[in-house]
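Because only heavy atoms are used, hydrogens play no part in the values below, and waters and symmetry mates are left out as well, while side chains stay in.
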Amino acid sequence: MSITSRFTPDADHPGIGLSSMIPDPRARVAVMLVGLGVSIWTNVVTLPADPGIVAPVALAVAALAWLALIAGTRGGHVAAVAAVMCAAGAVIAVTDTNGLIFTGVAASIAAVAFDPVAALVLATAGPVAHCLAAITHGPFPGRLLTTAAVALAGLAAGASRRETEQRARRSALVATERRRAELARAEAELAGERNRLGRELHDVLAHTLGALSIQLTAIDTLARNDAPREKLITQIELGHELVSRGLDEARQAVRALRGESAPPAAQLERLCELHQAELELVGSRRELDADIMLALYRLTQEALTNAAKHAPGSRVSVRVDFGPQDVTVQVGNTRPAPDAPAALRASGGGFGLQGMRERVEQAGGDLQAGATPDGGWKVAARIPYRQGNRGDGSNR
C-alpha cells in the first residue's frame, strides 16, 4: 500500500471534482474555491437552530482540509488531510446530510492520489467517524449506510478519473516514443543519404581523375613523339570534355539521391562516345528508378575505365538488354594491344571490380566478371526492376 501522493503543488494541482477538467491553473483554483464556498453555505443554511458544538467544529475542520488540498498539500500530508476531511464530513452527517459532500470529495481525492487499497483505507475514516459521533451525539447507527455509500461513490468516481488520467499519460508516452522513433529514423535516413552522397561524389571524382590521368598520358605520349598539332588539340579538347562530364555526373548523382528518374539511353550513349566504345541497346527502353540507373551507369563507367586502363587500344563494346523483369548489361573488350603504354596500367579510379559488385548487389542484382576465350575481358550484371519500372511501355 502506497501513501505517496501524485498531487503537485500550486499551478500543477490536478483539481478537485469537475475542476480537474479546467486546463487553466488559475481558473481551476478559482472553481475549487467556489465549490468550497457553496459546500460551506449549503451546510450552514441547513444546520438546525441549535446544532451544538460538534457540527460547526467539524464543518470548520472540513473547510480547512479542503483549503489545504487547494493549496497543494503533497505526499503523506494528502493522506492525512483527506482522511480528516472524510471524517469531518461524516461527523456533520450525524446532524445534517449535506456534510457528506466533504466525505464524497475526500474519498474521490484519495482514489485519485493513491492506489485502490490505500484509498479504501482512507475512505473508511468516514464511516468510522460517523459511528463514533452517532454513538456519542446522536442515534446509532443513524446515517451510517448513507455515509458508506457516499464514500464508495467517491472512491468509484476518483478511480474512474485516475484510470482516465493513466490512459492519457500512457497515450502521451506512446506518442512521445513514436515521435522519438520517427526522429531516430529520420536521422538514420539523413546519415544514409549523406553516406550515399559521399560515395557517389567519391566515385565521380575517382573516375574523372582516372580518366584525366589516361588522357594526360596520351597527350604526353603524343607530345614526346612530335605528333601533329591537330592531334594534341583534339586530345586536350577531350580532356576538357572529361572535366565537363565529371561535373555533369556529380549533378546526376545528386538527382539520383533525390529519387529523380532519368532516361538511360542518352546517358549511356554519351558515356560510350566518350570512351569510343560500341553501344547496343536491346528491348523496350524505359525510365528506371534513379538508384538503378545510377548503378547501371556506374557499372558501365567503371568497366569502360578499366578497359581503357588495362587494355588500351582494344575494341570495347557495351550491350544493355531491357528485359521484362530486369535489365542486363555486358561490357567486354578484346585482347589488349601488345604495345599498350605501361603508364595506363597504373592509372584509374581504384575502386574496381569489388566496388562494382557491391553497387550492383545494393540494387538487388548480381555481377560476374572474367576473362574471355579470345584473351579479352567481360563484365556482366543483372539488375531487377522495381515495381514502377515494369509494364508494357508505360514507362518508356
Side-chain angles (χ1 to χ4, degrees), residues 192 195-208 210-211 214 249 252-253 256-257 261-265 267-272 274-275 277-312 314-336 345 347-390:
N195 290 336
R196 290 179 59 197
L197 180 58
R199 175 174 179 173
E200 294 302 331
L201 294 181
H202 167 270
D203 288 358
V204 169
L205 180 61
H207 170 75
T208 302
I214 295 174
E249 290 173 5
Q252 174 190 330
L257 291 175
S261 61
Q267 299 183 56
L268 293 175
E269 287 172 357
R270 288 196 299 269
L271 180 62
C272 290
L274 184 64
H275 286 269
E278 299 177 4
L279 174 63
E280 181 182 6
L281 298 175
V282 181
S284 299
R285 304 181 188 182
R286 64 189 70 193
E287 291 186 358
L288 303 175
D289 284 350
D291 54 348
I292 295 179
M293 182 58 217
L294 195 58
L296 176 64
Y297 183 88
R298 287 281 181 260
L299 166 67
T300 306
Q301 183 184 60
E302 179 64 14
L304 290 175
T305 300
N306 287 344
K309 179 174 65 174
H310 297 290
S314 64
R315 179 173 169 268
V316 184
S317 61
V318 177
R319 175 186 172 93
V320 180
D321 188 350
F322 296 95
Q325 301 295 328
D326 50 38
V327 57
T328 60
V329 58
Q330 298 181 22
V331 182
N333 61 270
T334 59
R335 182 189 298 273
R345 302 179 184 271
S347 61
F351 46 91
L353 183 60
Q354 183 61 31
M356 286 191 288
R357 178 171 285 109
E358 291 176 355
R359 184 180 290 278
V360 171
E361 289 176 352
Q362 286 178 355
D366 53 74
L367 178 143
Q368 296 83 35
T372 58
D374 63 355
W377 185 268
K378 183 175 73 172
V379 175
R382 179 195 62 85
I383 303 176
Y385 297 132
R386 300 284 171 80
Q387 188 66 32
N389 298 134
R390 299 174 182 175

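For Y385 (side chain) and Q325 (main-chain N/O), no donor-acceptor pair under 3.5 Å exists by modelled atom type. Judged purely by atom type and a 3.5 angstrom limit, T334 uses its side chain to pair as donor or acceptor with the backbone of R315.
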Practice prompt. Before giving the answer on side chain to side chain contact (heavy atoms under 4.5 Å, CB included), spell out for V320 and V282 the whole-Å C-alpha distance, their side-chain angles and the decisive distance to 0.1 Å.
Written response: CA-CA 6 Å; V320 180; V282 181; over 6 Å; no
Worksheet item: Given the rule in the salt bridge (charged side-chain N to carboxylate O under 4.0 Å, His left out) test, do E278 and R319 qualify, once you have shown the distances and angles that lead to the verdict?
Response: CA-CA 8 Å; E278 299 177 4; R319 175 186 172 93; over 6 Å; no
Discussion item. Let's go through R298 and M356 carefully: what are the C-alpha distance in whole Å and the side-chain angles of both, what is the deciding distance for side chain to side chain contact (heavy atoms under 4.5 Å, CB included) to 0.1 Å, and is it a yes or a no?
Written reply: CA-CA 8 Å; R298 287 281 181 260; M356 286 191 288; over 6 Å; no
Item to complete: Start with the C-alpha gap between L299 and V329, add the side-chain angles, then the distance that decides, and say whether side chain to side chain contact (heavy atoms under 4.5 Å, CB included) holds.
Response: CA-CA 9 Å; L299 166 67; V329 58; 3.0 Å; yes
Discussion item. Could you go through L271 and Y297, starting from their C-alpha distance and side-chain angles, then the distance that decides it, and tell me whether this counts as side chain to side chain contact (heavy atoms under 4.5 Å, CB included)?
Written reply: CA-CA 9 Å; L271 180 62; Y297 183 88; 3.9 Å; yes
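The side chain to side chain contact (heavy atoms under 4.5 Å, CB included) test with H275 singles out one residue from L304, V316, T300, V318, and that residue is L304.
Looking at residues two or more places apart in sequence or on another chain, you find a side-chain contact (heavy atoms from CB on, under 4.5 Å) between A363 and A295, I383. Here D321 pairs with nothing under the salt bridge (Lys or Arg N to Asp or Glu O under 4.0 Å) rule; sequence neighbours left out. For the side chain to side chain donor-acceptor pair (under 3.5 Å) test, no residue two or more places apart in sequence or in another chain qualifies with E361. Applying the side-chain contact (heavy atoms from CB on, under 4.5 Å) test to Q362 and every residue at least two apart in sequence or in another chain returns R199.
Residues R382 and D366 come closest through the heavy atom pair NH2-OD2, 2.8 Å. Annotation for P384 and D326: closest pair CA-CB, 3.5 Å, computed over non-hydrogen atoms. F322 and S284 make their closest contact through CB-O, 3.2 Å (heavy atoms, listed as atom of the first residue, atom of the second, distance).
From Q301, atom CD reaches atom CG of N306 across 10.5 Å, with rounding to the nearest 0.5 Å. The structure places NZ of K378 at 9.5 Å from OG of S317, a figure rounded to the nearest 0.5 Å. For the atom pair CG (L281) and CD (E269), the distance works out to 6.0 Å, reported to the nearest 0.5 Å.
L268 is listed as a side-chain neighbour of L296, based on a closest heavy-atom distance under 4.5 Å.
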